[in-house]
Structure formats: structure tokens, C-alpha cells
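Let me begin by presenting the structure, written as C-alpha cells, before commenting on it.
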Amino acid sequence: MTRTPSAPPAFRQDLADFWRFLRHPDLRRSPGRRAGGSLASDWWPGISLGRLLAWAAVLWLINAALLGPLSLLVAQKLGAEHRLDAGHVPVLIAVFWAPVVEELLFRYGMRRPGQAWWMVPLAIVLVSNPLRAPGWILLAIALLAACLPLRRGRISRGHWARAWRREYARVYGVVYHLVAVAFAAVHLHNFVFDRTTLWLLPFLVLPQWVTGLVLGWMRTRRGIGASMALHALFNAGPVLVILATLHFFPGSA
């Protein structure tokens with residue numbers, strides 16, 4: 001008898017699974033996703049554009065209705081200004097470079113911790129070399145290396161390796177939440193401060209923290225390709241709004 005592949009979960013099931021994941025993160029993949037270290041299981045998104053748009057819309061709504069205004073209020077209280085010049089939006093960085101490099105830096109190693117020792121330093125170098133020739137070369141090398149299927153040898157099937165993987169699965173919840181906090185904290189660099197009140201700083205990056213939680217769940221359940229795609233789509237929304245505003249209301253810059 002032929003086994004039919006599992007149908008992708010409905011969006012409401014995605015929402016319910018994300019809520020459960022926040023409380024008890026685990027390494028399970030979404031139904032229909034292949035297990036193991038194959039190329040397809042990690043890099044092929046396996047998610048429709050409509051589902052990505054639905055998740056991006058949820059994040060846009062949360063940020064526009066709640067977290068964005070709160071972050072703006074805190075920024076005004078701290079005298080903080082965003083480094084981004086609204087009149088010169090780096091579209092390629094926002095929609096391609098940042099999603100790819102930041103996902104390699106923060107979330108690629110979540111499922112492949114054995115590769116984090118070289119990927120994280122390389123991604124840090126990439127962050128400081130956006131759209132420069134050395135940066136493009138390093139990015140190509142990083143993507144090529146990261147895309148190579150990992151077929152583990154006999155030694156990785158030994159008792160110590162299984163024990164290590166069990167221990168990593170046990171602490172995965174801590175890893176997931178620390179990555180989301182680190183992702184948010186790095187975005188404090190986007191601001192120039194007139195004065196600093198430490199306890200208010202986390203409120204500036206609440207949008208990035210919540211976005212990092214969703215991206216971490218997406219990376220775990222559907223792979224690094226899906227988290228990169230969602231990250232790029234999420235960034236594209238505000239960029240399009242800014243570009244449209246500058247086009248129709250050029251004096252607003």
C-alpha cells in the first residue's frame with residue numbers, strides 16, 4: 001500500500017503549535033518534512049508563499065498595532081534615533097543580505113550546532129562587509145558549505161554522539177530563547193542614543209525579539225530556507241511602505 005504524504009498543517013494549527021513551542025521548544029519538524037541532515041530537509045522551504053505571507057502579516061500587525069508604537073515611545077524617552085536614513089533605504093541589504101546573513105548567524109546552528117563553531121564567526125565577518133566584493137565571496141563560500149548534505153560517519157552514531165544529541169535536545173528550549181534574545185539585542189546597534197536608561201533598552205527591540213521567536217520556530221519546524229524566506233518577506237513590507245511613501249510624498253523624508 002502506498003503511503004500518502006502528510007498534508008501541511010492549517011494556519012490555525014501553525015499558530016497553536018507556535019504557542020506550544022514557546023513554552024516547550026523541541027526539535028520536531030512539521031508534518032511532511034523530512035527528518036535527518038539532507039539538503040532538502042533544511043534548505044527547501046516546504047511552505048507556500050501564502051503561508052509565509054500569513055506569518056509576515058501577523059508580525060506586521062503585532063508590530064504596527066502594539067510593539068512598534070511602544071518602541072517609538074521608548075525611543076523618544078531615551079532620545080534615541082534610528083541609524084537608518086529614510087531617504088536612502090538599503091533595499092538589497094534589508095531584503096536579501098540581512099535575512100540570509102542573520103539567519104546564518106543566529107539560527108543556522110540551532111539545528112546544526114556542530115557547524116556553529118565556524119558559521120557564527122564567518123557570519124559576524126559578513127555582517128561587517130555588506131555588499132562588498134569580499135563579503136559576496138565569503139557569503140558564497142558560506143552558503144556552499146552550509147548547503148552540503150551532512151551524512152554522518154560511523155563515529156557520529158556512537159554512544160557519545162547519541163548522548164550529546166539527547167542532551168542538546170534537553171536544553172534546546174534554552175538555546176531557542178537565548179538566540180531570540182541575542183537577535184533582539186544586536187538590533188540595539190540600529191539606534192544612536194542621547195541618553196541611556198538600561199531597563200528601558202529591551203523595549204526598543206521588542207519587535208525584533210518577537211520576530212526572532214517566530215523565525216526560530218520556523219527554522220526548527222521547516223528549515224533554514226523557510227526562516228530566510230520569512231525574514232526576507234517580513235523586511236520587505238516596511239521597505240515597500242517607505243519606498244511608496246517617498247514616491248508619493250517625497251517631502252516626508
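These numbers come from a predicted model, not from an experiment.
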| request: Work out which heavy atom in P99 is nearest to a heavy atom in A94; give both atom names and the distance. | output: CD-O, 3.3 Å
| field | Heavy-atom side-chain contact between K77 and T197 under 4.5 Å | value | no
| query | Do D17 and W217 have a side chain donor and acceptor closer than 3.5 Å? | reply | yes
| message | I'd like to know whether D14 forms a salt bridge (Lys or Arg N to Asp or Glu O under 4.0 Å) with R222, so could you lay out the CA-CA distance, the side-chain angles of the two residues, the decisive distance to 0.1 Å, and finally the verdict. | response | CA-CA 11 Å; D14 262 4; R222 288 194 168 96; 3.2 Å; yes
| query | Can you hop from I124 to M228 via hydrophobic side chains spaced under 4.5 Å? | reply | yes
| Heavy-atom closest contact (A180 atom, G212 atom, distance) | CB-C, 4.2 Å
| Derivation and outcome, side-chain contact (heavy atoms from CB on, under 4.5 Å), residues W209 and L67 | CA-CA 10 Å; W209 174 62; L67 301 182; over 6 Å; no
| Minimum heavy-atom distance A116-P121, with the two atoms named | O-CD, 3.8 Å
| task | Search all heavy atoms of P207 against all heavy atoms of T211 and return the closest pair with its distance. | result | O-OG1, 2.7 Å
| When hydrophobic residues are tied together by side-chain contacts of less than 4.5 Å, even through go-betweens, does W117 share a cluster with V120? | yes
| Exceeds 12 heavy-atom contacts within 6.0 angstrom, atom CH2 of W97 | yes
| request: Taking Y176 for its side chain and L22 for its backbone only, find out whether a donor-acceptor pair lies under 3.5 Å. | output: no
| remark: Distance col, row S71:OG vs H187:NE2, nearest 0.5 angstrom, shows 11.5 Å
| message | For the CG atom of L201 and the CZ atom of F191, what is their distance to the nearest 0.5 Å? | response | 10.0 Å
| message | Looking at every non-hydrogen atom in both residues, tell me the closest pair between A123 and V101 and how far apart they are. | response | O-CG1, 3.7 Å
| said: Could you measure the distance from the NE2 atom of H24 to the CH2 atom of W19? Nearest 0.5 Å is fine. | reply: 11.0 Å
| task | Kindly determine whether F11 and V58 satisfy side-chain contact (heavy atoms from CB on, under 4.5 Å), including the steps that lead there. | result | CA-CA 11 Å; F11 186 60; V58 168; 3.8 Å; yes
| Can you tell me how far the CD1 atom of I93 sits from the CG atom of N235, to the nearest 0.5 Å? | 11.5 Å
| task | For side-chain contact (heavy atoms from CB on, under 4.5 Å), just list the numbers for R111 and R29, CA-CA rounded to whole Å, side-chain angles, deciding distance to a tenth of an Å, and then say yes or no. | result | CA-CA 11 Å; R111 269 203 171 276; R29 296 183 185 274; 3.5 Å; yes
| query | If you group Ile, Leu, Val, Met, Phe, Trp and Tyr by side-chain heavy-atom gaps below 4.5 Å, do L27 and V174 land in one group? | reply | no
| message | Between D42 and R219, does any side-chain N to carboxylate O distance fall below 4.0 Å? | response | yes
| request: Measure the acute angle between the ring planes of W43 and Y108, then classify it against the limits of 30° and 60° as parallel, tilted or perpendicular. | output: tilted
| query | Salt bridge between D26 and R221, side-chain N to carboxylate O under 4.0 Å? | reply | yes
| said: Counting only heavy atoms from other residues, nucleotides and ligands, does the tally under 6.0 Å from CZ of F203 exceed 12? | reply: no
| Is M218 linked to L178 within one hydrophobic cluster, defined over Ile, Leu, Val, Met, Phe, Trp and Tyr using a side-chain heavy-atom separation of less than 4.5 Å? | no
| Under 6.0 Å between the ring centres of F234 and W55? | no
| request: Report the C-alpha separation of L143 and L104 in whole Å, then their side-chain angles, then the decisive distance to 0.1 Å, and conclude whether the side-chain contact (heavy atoms from CB on, under 4.5 Å) test is met. | output: CA-CA 9 Å; L143 290 175; L104 291 176; 4.0 Å; yes
| Around R12, counting heavy atoms of other residues, nucleotides and ligands shown, do more than 12 lie under 6.0 Å from its CZ? | no
| message | Let me confirm one number: the CG-CZ distance from L230 to R51, rounded to the nearest 0.5 Å. | response | 12.0 Å
| To the nearest 0.5 Å, how far apart are CH2 in W60 and CG in N63? | 11.0 Å
| query | Taking all atoms of both residues into account, what is the closest heavy-atom pair of L126 and A142, and its distance? | reply | CD1-CB, 4.4 Å
| task | Keeping the roles fixed (side chain from Q13, backbone from A10), state whether a donor-acceptor pair exists under 3.5 Å. | result | yes
| message | Does the structure place the NZ or CZ of R107 under 6.0 Å from the centre of the six-membered ring of F183, at an angle of no more than 45° from the ring's axis? | response | yes
| field | Path from L72 to L66 over hydrophobic side-chain contacts below 4.5 Å | value | no
